[in-house]
Amino acid sequence: MSPRIVVAGYDARGTGAAAAVAREMADSIGGAVDVVVLVPSAIPGTVEAFVEEAGLAGRAERVVAYELPPGHAYSGVTVADALVDAAAGNDVSAVVLADGPFAREAAARTAVRLDGACASMCSTVEAVAGNLVSVTRPAYGGVALAHLTLKASPAVVVLAPGGASAGTATGGAAPAVERKALTVSEVAGRVTVLDETPVVKTCDLEHAKVVVSVGRGFAKPADLEIIDDLVGLLDAEVGCSRPIAEDFKWLAKEHLVGLTGATVTPDLYLALGISGQVQHLAGIKGAKIVAAVNSDGRSPILKNADYALVGDLYKVVPALTEHLRKRKANGGAGG
Amino acid sequence: MRIIVCAKHVFDSTEVRFNEDTKELLTVNVPVKISDYDRNALEAAVALKEAGDDVTVEVIMSGGQAALKTLKEAVAMGADKGYLLEGGWETAFDPMLSMRVLARAIEAIGGADLVLCGLVSEDGYNGLTPPAVAELLGVPYLAPVVNLSADDDTVTATMDLGDVLQTVRAPFPCVLGIDSSMNVPRLPTVLQVMKVKSDRVATLSLEDLGLPATALATEFSTVTLDRLESGAAPRKALIIEGSPEEAVPSLVTALEREGVLA
Ligand SMILES: Cc1cc2nc3c(=O)[nH]c(=O)nc-3n(C[C@H](O)[C@H](O)[C@H](O)COP(=O)(O)OP(=O)(O)OC[C@H]3O[C@@H](n4cnc5c(N)ncnc54)[C@H](O)[C@@H]3O)c2cc1C
């Protein structure tokens, strides 16, 4: 029986990214990829449309669409129920989940039920000999990167948030779609949903090309206004460090960048008055270029930026804004 | 209502450094503390105690003898009793191991209506141990909790699922993962910590839990740490000198050359 990698994600994007990782693992051990989806709650359209959107052709051999019984929704328990069912009777070497709502609960429950090992925030995942899986993930908030071997099988891994990109679909054979009624664990029925309030997002850090991020170098909330024109000129989204969002609450939590907040992958990340502690840096590893303005010549951000300007942000921000305004008036790049 | 809070004794993660030469974490003289989010879990538990009648809060602290002061700090936040778990098995990377010890410890002290945990730990940041405990105990797991209330036999919690705030109700028992944005943990004074009498702290040995240390290291261990490398992303680290008037044009030129300015 050939080894299998079982995949789950909250949405098409995550599922596609997890399937891409699983494909590489499966290829290296001569295995196959099964993708688990829950219908109807996780999928707005048809399963076929989901398979298309997630780019599963060439990545998965089989998609199992589990039909949720009435009254049940996508949850940590129901996803675990589906993963465990898909694993039953197969030689499963790994379960790969995209991070997202309920992912870590689903992973933990699956690992307990299958008597496996479990890790989250994995930036690399590889299948190695003898059903072992090796991963890299942060230690101590990102101070170090740990190389781990998950020796209990199956290895249940949750990918790093925002880290895995789905890449471009490789094409290839469409997976076989199988439909199955999901048998839901009793414990799922104990939770009653009373209310769901959509969170109205005012920023989209994850997809931003430019992020201007503010830290404790700003003395008071009103001072944040000095970045407004800069943000407009750069067509940027606004990020911030933890004190700004959580301690002072000058900006909503959705602006928080770092371990506790968003993982961003812009072309340019401009850190203003941010010291560059590892927990903040954890969220900007995927930025192409990091530029920083900091008044302290010994601040850790200087070593962790590509370009750093040592100076008072209250002077640098207006000068930078003015320079970019003139540049724009002169016709932009190279002007 | 009986509440158990699971808490972890850790090095202050903002002060831990990595030694490039020895490939080790530098923890000598680094301050120790209650893991960040566990303080939010303790605060949430104490707030429930203050809001209700007949609520007890007990803390299970991992970290062994070295964690005694950390446990007293946790108790001083307003818990009734603290349990110090025998040390030697702790791990940042093996949630399946931590989960076994914690679930046994919870059972050993009589179980709870609500088990409150920090959403993630400061050293491992896995967020897997609390839901694994819930699975082993066969109960619901609610997380990341940003709002919480309880009556005699049910809990109502609001979870921040990113694009939606979902409020749910569940009967006891339940495991909850508390988010750092839920509250601002109180800081006990030195005097309050000193006043935690020894009869409010007890020790739980691994033997008591039926988990001999040797078995933990062998049959219950699911992960090995092969090596560590620096977590820093490689960056150019170029400092642009001069007054703002001089430095700003240089910065803009550099960014244009990188192709990151539209
Ligand atoms: C478990 C855990 C998780 C965490 N998660 C996150 C996270 O997700 N995101 C996050 O950001 N943090 C996180 N933190 C907190 C993190 O460790 C730092 O405390 C935080 O990032 C510091 O924010 P800051 O850089 O704004 O403030 P500070 O460290 O105080 O730095 C302020 C900087 O501004 C500079 N400055 C001051 N005045 C000026 C001026 N006039 N002009 C220019 N520069 C000036 C100073 O030199 C200094 O470098 C976490 C911590 C823990 C323990």
Quick check: under 4.5 Å, non-hydrogen atoms only, which of residues 143-152 of chain B neighbour chain A? none
Among residues 117-131 of chain B, which residues come closer than 4.5 Å to chain A, judged by heavy atom distances? B:Val120, B:Glu122, B:Asp123, B:Gly124, B:Tyr125, B:Asn126, B:Gly127, B:Leu128, B:Pro131
Side chain from CB out, backbone as N, CA, C, O: work out which of these in [X] comes under 4.5 Å of a heavy atom of chain B, or both, or neither.
{"X": "A:Lys288", "answer": "both"}
{"X": "A:Glu246", "answer": "side chain"}
{"X": "A:Gln279", "answer": "side chain"}

Please state whether the side chain, the backbone, both or neither of [X] comes within less than 4.5 Å of a heavy atom of chain A.
{"X": "B:Val16", "result": "both"}
{"X": "B:Asp94", "result": "neither"}
{"X": "B:Leu97", "result": "neither"}
{"X": "B:Tyr37", "result": "side chain"}

Does B:Arg227 use its side chain to pair, donor to acceptor, with the backbone of A:Ala146 at less than 3.5 Å? no
Would you confirm whether B:Arg169, through its side chain, and B:Val155, through its main-chain N or O, come within 3.5 Å as a donor-acceptor pair? no
Specify which of [options] makes the most heavy-atom pairs with chain B at under 4.5 Å.
{"options": "A:Val316, A:Leu150, A:Asp247, A:Leu309", "value": "A:Leu309"}
{"options": "A:Pro198, A:Gly100, A:Ala106, A:Pro266", "value": "A:Pro198"}
{"options": "A:Leu259, A:Val187, A:Asp235", "value": "A:Leu259"}
{"options": "A:Thr260, A:Asp267, A:Leu320, A:Leu145", "value": "A:Leu145"}

Of all the heavy-atom pairs spanning B:Lys236 and A:Ile289, show the shortest one and how long it is. NZ-CD1, 3.8 Å
Counting heavy-atom pairs closer than 4.5 Å to chain A, which one of B:Ala92, B:Gly177, B:Ala232, B:Ser181 comes out on top? B:Ser181
Under a 4.5 Å heavy-atom criterion, the part of residues 294-301 of chain A in contact with chain B comprises none
Verify the ring-centre separation between A:Tyr10 and A:Phe102: is it less than 6.0 angstrom? no
Taking only residues two or more places apart in sequence, or in another chain, which ones meet A:Ser123 in a side-chain hydrogen bond (donor to acceptor under 3.5 Å, both in side chains)? A:Thr136
